[in-house]
Protein chains: 4
Amino acid sequence: MSNHSILDALIAQTKISKKQTDKQQKIVETAVKIFAEKGYANTSTSEIAKDAGVAEGTIFRHYGTKDNLLLSVILPFIKESMPTMAESVFNEILNKDIASFEEFLRALLRNRLQFIKDNKEIFQIVVKEFLYNEGLRNELSPYFTKNIVGRMHKMIEEFKERGELVNLPNEAIAKMIFTVIGGYFISRFVLWQNQPDTNEEAEVENIIQFIMNGITNKSQGN
Amino acid sequence: MSNHSILDALIAQTKISKKQTDKQQKIVETAVKIFAEKGYANTSTSEIAKDAGVAEGTIFRHYGTKDNLLLSVILPFIKESMPTMAESVFNEILNKDIASFEEFLRALLRNRLQFIKDNKEIFQIVVKEFLYNEGLRNELSPYFTKNIVGRMHKMIEEFKERGELVNLPNEAIAKMIFTVIGGYFISRFVLWQNQPDTNEEAEVENIIQFIMNGITNKSQGN
Amino acid sequence: MSNHSILDALIAQTKISKKQTDKQQKIVETAVKIFAEKGYANTSTSEIAKDAGVAEGTIFRHYGTKDNLLLSVILPFIKESMPTMAESVFNEILNKDIASFEEFLRALLRNRLQFIKDNKEIFQIVVKEFLYNEGLRNELSPYFTKNIVGRMHKMIEEFKERGELVNLPNEAIAKMIFTVIGGYFISRFVLWQNQPDTNEEAEVENIIQFIMNGITNKSQGN
Amino acid sequence: MSNHSILDALIAQTKISKKQTDKQQKIVETAVKIFAEKGYANTSTSEIAKDAGVAEGTIFRHYGTKDNLLLSVILPFIKESMPTMAESVFNEILNKDIASFEEFLRALLRNRLQFIKDNKEIFQIVVKEFLYNEGLRNELSPYFTKNIVGRMHKMIEEFKERGELVNLPNEAIAKMIFTVIGGYFISRFVLWQNQPDTNEEAEVENIIQFIMNGITNKSQGN
DNA sequence: TATGAATGAGCATTCATTCAT
DNA sequence: GATGAATGAATGCTCATTCAT
């Protein structure tokens, strides 16, 4: 996990992926499942091979190293998770002048919630490894910054100008939104995955309200 | 990391720790440093031994297993971090009828911020392992729930009655407060530890304001 | 050395042993030699690996644990030693109505003597570990009882009815025969392996005579 | 277990044992118990120390090495078991001209049976280690030969002259007697120690009869 | 005399990786 | 493309032994 830029890897990845053999698909599937469950460092390639019904050599024929297998698992998710957000969410909002920031938040949260529900296990891997694996963190961070933070600032700026947002530094606002939303995702999908299904609708709405208005009782004066 | 209750361990811990030899101290010190840096799973006992200037056997003579060494590193922190909060923060507030919830939040945040600044590395270990190490998570969770959540609910209830807090479920309020504060600590001390010192005063104030009032511009109508 | 029934192991063993690689063969060969010489507990896997000209990992790839290697060495011997005796010796005798018990004894002793001469080293291992290794003893015992003791009783019963044998409990007779024959094997092949070759023919005959007639001088009256 | 003659050790032993401290006594007691149960090679000095309520260093202060502790446990037993037999049994018999060989056997068996019942655990150790520990075997063997075999031969010679014994080599006769008696002891006290108490009187008598007369039905002709 | 902290070689086992088939 | 035998360094841990107090 050291001297390959993530972008290089991405490119290589795209080039290589002419066709995935059945075995390859099975390997990645299995790796996702086990990495999510026990973490990268606690998973052995032999376990993956056995569970995938594949010879251990086959893993290395296709992915070269265990590190590389991790990347092969994570990268498509990253590739998807970042730009998608940009295109389908941000722009969509920016073009509709009727939208409030609250509506934007709601759309963003719902959109990402669905995405993560569709990619629960990979999300678990990314979260865990982002914290545990400094190499990976260093690779993903600039990518994240470049794609997300920039757009978010623009968005905040826009709504600040409309007078909807409090006068805090853009960065502070962005960070707090990410913290609350990210905290929700991590808490729900990584830490307490087996909790019985809660009332998602209400939860989402509470989060939006919290981000917008905090916890102070607004009808205090009444 | 399996069949020892954390409370039992805590008790045993306290009893055993008659005197720590110099070597023991060096071992724990070094373990803290390396675990924090690379994570428990990526740290070998031989590395700890070498860095601590100690024979590898010495580690096992004192701590028995690597798991146990981790606990020996973490438990005093946990022991400190939980009840302390209870006594020195919660009660203090409950007794002063002048206090607002905002003041309580400020005190809580400041108090914990100081504590974590004093125990930066162990905090890093706890955060990382809480996510990565299911066994540890299962041990710490009930302890956390029992000590913190209960008190927090009482506190929220109290201020709800005073009409200061929004009408959301106590749990939802508590969770969001923890998410924001925890997110701040993790972001600052685990993820981006090497960032240049920011304006802490302002940051703390922003967080408080955010929790209390969200991001909506309150002077909107003016 | 605990929770596997020997019968299960036997079955598994037979199934697995599709083909043995050269290295596997070398490992077992070497293990037999060293276990026999120094005992299981005093033999390290690294010594076996070195002597076998194999990487230590190779042992574990094929046998999983040191315990398992011991079983892999012993089981084929056990499998052979028990039923063979049943089929080829017992039945053979039972079908010839001319046979005397003495002839049966002679056939039995000769047959087993040859078998052990052909498997000297494994016999040494089995004897030593049967005494030293309670787990192994507990596994082998019932198997031994089931296969040997039953048949022996039937045999003794048969010859008792022919009036050839003394009126002692079958069990007592069987036990003494085993003690004398087993004692001979152990003494000759385990305890004093390096004694110069004695007159085997005479020795066998002495044993038979001893079992049949004891040490009393029968021509006493003359 | 290498370059000390057992006789030297015996002497040294005798000299040293001025006074045994309480701790020493506890150590030997505990060592006997655990060696008997699990075998020398499978017992760690730390386990002995813990069970004996003694610091590990104390064992080494008194016995120097683990090997030496084993000897300290075994030697008094050997010292006792050999000469005692000589004095109290052999001579006793030799002086009474009325005695038959059968009576001698009975006296010998009873005498040794009692001795072993009084020293069950050490007997277990000696048997196991005699087989497992080549060094120990090489040390004990000559001692055994010198003390026992010689006397036994004399005894057999004596009764051969009286016409009581079969015309087999003295050695063969001695060996078979030892095998049967030793086999009984080992079977009863080492292999199946937990068997419910059998009818000892009858068992002893069966053994004597077996040694004297074998298993042939003597009243065949009737 | 007794302690117990410290040692470091040794142990069984795991693991990512290589390579001939 | 896929296999699976083979590797050997590394790992967590044990153990007999030493030595200052």
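Naming: A, B, ... by sequence-line order, numbering from 1 per chain.
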Q: Working to the nearest 0.5 Å, report the span between CD1 of B/Ile78 and CG of B/Leu140.
A: 5.0 Å
Q: Does D/Ala55 or B/Val54 map to a spot on DNA chain E nearer the 5' end, using the closest nucleotide for each?
A: D/Ala55
Q: Closest to the B/Lys23 side chain: F/dA6, E/dA2, E/dA6?
A: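 Nearest to the side-chain atoms of B/Lys23, counting from C-beta on, is E/dA6.
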Q: For B/Ile48 and F/dA10, give me the distance from atom CD1 to atom C1', rounded to whole Å.
A: 15 Å
Q: Please answer whether the main-chain N or O of D/Val54 pairs with a side-chain N or O of D/Thr58 as donor and acceptor at a distance below 3.5 Å.
A: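 Between the backbone of D/Val54 and the side chain of D/Thr58 there is no qualifying donor-acceptor contact (under 3.5 Å).
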Q: Measure from CG on D/Asn68 to C1' on F/dT17 and round the result to the nearest Å.
A: 13 Å
Q: Write down the distance between CG (D/Leu70) and C1' (F/dA16), rounded to a whole number of angstrom.
A: 14 Å
Q: For residues C/Arg137 and C/Tyr132, determine if any side-chain heavy atom of one lies less than 4.5 Å from a side-chain heavy atom of the other.
A: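 Heavy-atom side-chain distance check fails, nothing below 4.5 Å.
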Q: Round to the nearest Å and state the distance from A/Ile27 atom CD1 to F/dT3 atom C1'.
A: 12 Å
Q: Quick one: list whatever passes side chain to side chain donor-acceptor pair (under 3.5 Å) with D/Gln124, sequence neighbours left out.
A: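 With sequence neighbours excluded, D/Gln124 shows a side chain to side chain donor-acceptor pair (under 3.5 Å) to no residue whatsoever.
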Q: Check DNA chain F for consecutive Watson-Crick or G-U pairs with both distances under 3.5 Å and list the runs of at least three as stems.
A: E:2-21 with F:2-21
Q: Whole Å only: how far is the CD atom of D/Glu47 from the P atom of F/dT17?
A: 16 Å
Q: Nearest-Å distance, NZ (A/Lys50) to C1' (F/dA2)?
A: 19 Å
Q: Is there a side-chain contact between B/Val28 and B/Gln20 in this structure, where contact means two heavy atoms from C-beta onward sitting under 4.5 Å apart?
A: yes
Q: Would you say the side chain of A/Leu136 lies within less than 4.5 Å of the side chain of A/Tyr40, judging by non-hydrogen atoms?
A: no
Q: Is there a side-chain contact between C/Ile125 and C/Leu70, using heavy atoms and a 4.5 Å cut-off?
A: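 Yes; the side chains approach each other to less than 4.5 Å.
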Q: Could you state the NE2-C1' distance from A/His62 to F/dT3, rounded to the nearest angstrom?
A: 11 Å
Q: Write out a two-atom table: protein N or O, nucleotide N or O from nucleotides 13-15 of chain E, distance below 3.5 Å.
A:
unit_1: E/dT13; atom_1: OP2; unit_2: C/Lys66; atom_2: N; d: 2.7

Q: Between atom NZ in D/Lys38 and atom C1' in F/dC15, what is the gap in whole Å?
A: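 One finds 13 Å between C1' of F/dC15 and NZ of D/Lys38, rounded.
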Q: With a 4.0 Å cut-off on heavy atoms, is B/Thr21 in touch with a base, just the backbone sugar-phosphate, or nothing at all?
A: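 Sugar-phosphate contact only.
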Q: Mind checking whether A/Glu47 and A/Lys38 have side chains closer than 4.5 Å, heavy atoms only?
A: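 They are in side-chain contact.
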Q: Flag the pair A/Phe60 / A/Thr45 as yes when at least one side-chain heavy-atom distance between them is below 4.5 Å, and no otherwise.
A: yes
